[in-house]
Amino acid sequence: MSAPSAEGSYDYVGIVMAKSAEGDAVADILRDKPGVEIVEQPSFWDIRAPDRLEIDYDEVSEELGVEIDAYAIQHEMSTHYGRMIATDDKLLLFADPVEAMEFLGG
């Protein structure tokens with residue numbers, strides 16, 4: 001993750017997920033990751049991080065006890081902020097569009 005700007009701000013990325021089995025599992029596995037902030041609301045989780053957020057399907061699947069993929073996570077999302085890329089093993093969000101493009105090999 002990059003350092004804060006001169007003003008002390010970051011470009012945050014994140015997802016908003018329903019409080020559901022899937023949403024609870026994502027919040028639980030990301031809670032202790034460096035830089036990740038979890039904001040609990042009555043009916044949803046706002047999960048954010050500066051610059052980049054990675055959600056590993058295997059970690060969520062282990063927490064939940066059933067196999068999870070990009071579709072299952074996105075189905076429980078109401079929105080996201082950042083450039084989202086779904087791979088076979090992770091859901092990634094980037095603040096920097098150039099970094100996202102480079103990740104895709106462009």
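All values reported here derive from a predicted model rather than from experimental measurement.
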- Distance from Q74 atom CD to I55 atom CD1, nearest 0.5 Å? 9.5 Å

- Task: Rounded to the nearest 0.5 Å, what's the gap from CE on M101 to CD1 on I85? Could you check?
- Result: 10.5 Å

- Note on the structure: Closest non-hydrogen atoms of D96 and V98, given as atom of the first, atom of the second and distance, are OD1-N, 2.9 Å

- Considering all heavy atoms, the nearest A70-Y57 contact: CB-OH, 3.0 Å

- Under the side chain to side chain contact (heavy atoms under 4.5 Å, CB included) rule, what do R52 and F103 come out as? Steps first, then yes or no, please. CA-CA 12 Å; R52 186 175 181 174; F103 182 86; 4.1 Å; yes

- Query: CD1/I68 to CD/E62 distance, rounded to the nearest 0.5 angstrom?
  - Reply: 13.0 Å

- Quick one: closest heavy-atom pair of A25 and L64, and the distance? CB-CB, 4.1 Å

- Message: On a heavy-atom basis, which atom in I29 and which in K33 lie closest, and how many Å separate them?
- Response: O-CE, 3.5 Å

- Message: Which heavy atom of Y81 sits nearest to which heavy atom of V16, and what is that distance?
- Response: CE2-CG2, 4.4 Å

- Task: Report the C-alpha distance between V60 and E22 in whole Å, list the side-chain angles of each, state the deciding distance to 0.1 Å, and finish with yes or no for side chain to side chain contact (heavy atoms under 4.5 Å, CB included).
- Result: CA-CA 8 Å; V60 178; E22 294 86 351; 5.9 Å; no

- Query: Roughly how far, to the nearest 0.5 Å, is the NE2 atom of H75 from the CE atom of M17?
  - Reply: 10.5 Å

- Message: Between L92 and L104, is there shared hydrophobic-cluster membership here, with clusters defined by ILVMFWY side-chain heavy atoms closer than 4.5 Å?
- Response: yes

Check residues 36-45 and write down every donor-acceptor pair under 3.5 Å in which the side-chain atom is one partner and the other belongs to a residue at least two apart or another chain.
residue: E40; atom: OE2; partner: K19; partner atom: NZ; Å: 2.5
residue: W45; atom: NE1; partner: D24; partner atom: OD1; Å: 2.8

- Message: Quick one, V26 with I15, criterion side chain to side chain contact (heavy atoms under 4.5 Å, CB included). Give me CA distance, side-chain angles, the key distance, then yes/no.
- Response: CA-CA 10 Å; V26 170; I15 60 173; 4.2 Å; yes

- How would you list, by chain and number, every residue that makes a side-chain contact (heavy atoms from CB on, under 4.5 Å) with V13, sequence neighbours excluded? L53, L93, A95

